[in-house]
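Only one structure is covered here, and it is reproduced in the block below.
Fair warning: this is a prediction, and the values are worked out from it, not measured in the lab.
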Amino acid sequence: MTHRLTRQAKKKPAGRPAFFLIRGGKIQGVSDSSARFFPCQRGLARPRHAARMCPAFPPLNLERIMSPRTSTPAQCGRSRVADAVRQRGQSPYNLWLLRPPLDTQDIIVNSDPKMELFYFLEGDPSLEHIDYHPLRHPPATAPTQGRKRTRSGPEHFADVISAGVSGRAFWGGASRAQPKLLAPSDRYVTLADLDAHRMRIDNWRRIIPAIRRIRVFPTVAIERELVQQVGTSASLPVSAALSALDRHPPAMVLGVIGLLLRQRKLRADVERRPWSLHTQLFMDVRP
């Protein structure tokens, strides 16, 4: 008798495959192949006969649970951005989304040095206008079939206007040799130029966010008052400007200061000193 019971105990009862429903890292229930759901109590699956003591649950759609994972809308959006960068012949694995302070559209660059180049150009006091349309439109030439297109020579980064003369800004990377085909009004920027203007880049990384915070507010009156305050003295520190316009929020005044700097209506000593309350403001005197 004992031997028979032992043999029966070794038999494994035939069961159906089970599917576990997991939420928040804990097992919430178990379902068999007949799509019947058995809830769990304190993370443990209850026996099958306990389902009679629980309210009825709707059957699970096992085909939907076991179906392959589909892309989310965010993943589809990132894929479209990566495809647009590939059309330029560039790598899509280190992307920066940047918004010029005077524009309403973003631009995408694919490296840290190009991100710094953006702040380098925005902070250049000699540039009156900067247009990043080369970064918003793919090149007109189609890629060669079966081969990956690569860019040769400097990259056309933006169109600029300096002293009323139109030109182009090119990114040369680590190459210091300037191409011979560039016009006299063109700008050729390399890693050495970025290293030489590290203070400008760091300062404008803080100035541009201040500008963006006020773009939805009317600022004409504050701009007029601020220009009048700076024009009455040879130079005016930022702290004095905040005190003179204390009836306005400080963030609004700082944003207007950055806006006037970007519009080249004011100048500041941000080329050699950090952006702070001690930054000196003065009028932009152009010939």
Side-chain angles (χ1 to χ4, degrees), residues 74-75 77-139 149-162 167-176 178-179 182 186-215 254-255 257-259 261-264 268 270-276 279:
Q75 291 173 337
R78 287 191 291 268
S79 299
R80 288 194 297 269
V81 171
D83 293 340
V85 175
R86 289 190 184 96
Q87 291 181 6
R88 304 183 202 162
Q90 300 173 351
S91 172
Y93 299 109
N94 184 19
L95 301 180
W96 287 89
L97 187 66
L98 305 171
R99 170 78 56 93
L102 302 183
D103 291 352
T104 58
Q105 295 181 350
D106 297 328
I107 61 173
I108 299 175
V109 296
N110 68 325
S111 68
D112 295 349
K114 292 180 184 178
M115 178 268 295
E116 296 181 354
L117 174 61
F118 166 77
Y119 293 107
F120 173 87
L121 296 177
E122 291 291 332
D124 190 344
S126 64
L127 298 181
E128 304 166 2
H129 178 73
I130 307 172
D131 186 3
Y132 297 97
H133 79 88
L135 301 180
R136 296 191 176 102
H137 302 283
R149 182 182 55 187
T150 58
R151 180 180 297 277
S152 60
E155 177 184 351
H156 184 192
F157 196 82
D159 291 337
V160 298
I161 297 178
S162 177
R168 297 170 296 175
F170 289 90
W171 169 241
S175 176
R176 297 191 177 186
Q178 183 171 349
L182 298 184
D186 292 340
R187 304 292 181 96
Y188 183 73
V189 186
T190 63
L191 288 174
D193 298 319
L194 299 183
D195 293 337
H197 296 83
R198 181 62 54 187
M199 184 63 66
R200 176 201 296 178
I201 296 172
D202 293 342
N203 286 335
W204 278 89
R205 291 185 69 171
R206 295 189 289 269
I207 295 175
I208 289 181
I211 300 175
R212 292 188 57 184
R213 283 192 288 267
I214 66 165
R215 293 298 290 167
L254 290 175
I257 292 175
L259 181 61
L261 291 175
R262 177 57 187 85
Q263 293 174 345
R264 314 309 185 205
V270 292
E271 292 287 318
R272 57 185 184 275
R273 295 181 180 179
W275 169 255
S276 66
T279 299

Starting from the C-alpha separation in whole Å, work towards a yes-or-no answer on side chain to side chain donor-acceptor pair (under 3.5 Å) for W96 and D112. CA-CA 8 Å; W96 287 89; D112 295 349; 2.7 Å; yes
Let me see the working for V160 and H129 under side-chain contact (heavy atoms from CB on, under 4.5 Å), right down to the final yes or no. CA-CA 5 Å; V160 298; H129 178 73; over 6 Å; no
Step-by-step side-chain contact (heavy atoms from CB on, under 4.5 Å) determination, V189 to L194: CA-CA 8 Å; V189 186; L194 299 183; 4.1 Å; yes
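For D131, there are no side chain to side chain donor-acceptor pair (under 3.5 Å) partners, not counting sequence neighbours. Y188 meets the ring-ring contact (aromatic ring centres under 6.0 Å, His included) test with no other residue; sequence neighbours excluded. Applying the side chain to side chain donor-acceptor pair (under 3.5 Å) criterion to E116, with sequence neighbours excluded, gives R198. Taking S162 as the reference, R187 meet the side chain to side chain donor-acceptor pair (under 3.5 Å) condition, with sequence neighbours excluded. Judged as a side chain to side chain contact (heavy atoms under 4.5 Å, CB included), and not counting sequence neighbours, A196 has no contacts. Residues passing the salt bridge (charged side-chain N to carboxylate O under 4.0 Å, His left out) test with D103 are R136, sequence neighbours excluded. In this structure, the side chain to side chain donor-acceptor pair (under 3.5 Å) partners of D106, at least two apart in sequence or on a different chain, are R99.
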In a table with atom names and distances, give each donor-acceptor pair under 3.5 Å that connects a side chain of residues 204-212 to protein atoms at least two apart or in another chain.
{"residue": "R206", "atom": "NH2", "partner": "N203", "partner atom": "OD1", "Å": "3.0"}

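In this structure, L102 CG and L259 CG are separated by 6.5 Å, a value rounded to the nearest 0.5 Å. Summarising the geometry, atom NZ belonging to K114 is positioned 8.5 Å from atom CH2 belonging to W171; distances are rounded to the nearest 0.5 Å. Atoms CG and CG, on L121 and L117 in that order, are 4.5 Å from each other to the nearest 0.5 Å.
P113 is listed as a side-chain neighbour of L191, based on a closest heavy-atom distance under 4.5 Å. For the pair L95 and V109, the minimum side-chain heavy-atom distance is 4.5 Å or more. Between P100 and Q105, every side-chain heavy-atom pair lies at or beyond the 4.5 Å cut-off.
The two residues R272 and M199 have their closest heavy-atom pair at C-CG, 3.9 Å. Summarising the geometry of P101 relative to R262, their closest heavy-atom pair is CG-CG, 3.9 Å, with the distance given to 0.1 Å.
We find that D159 and R168 are not joined by a salt bridge, their nearest charged nitrogen and carboxylate oxygen being 4.0 Å or further apart.
Put simply, the side chain of R200 gets close to the backbone of F120: a donor and an acceptor are under 3.5 Å apart. Between the R264 side chain and the D124 main chain, a donor and an acceptor come within less than 3.5 Å of each other. A side-chain donor-acceptor contact under 3.5 Å links T279 to the backbone of S276.
Side chains of D202 and W275: no donor on one and acceptor on the other come within 3.5 Å.
Ring geometry for F118 versus Y132: interplanar angle of 30 to 60°, hence tilted.
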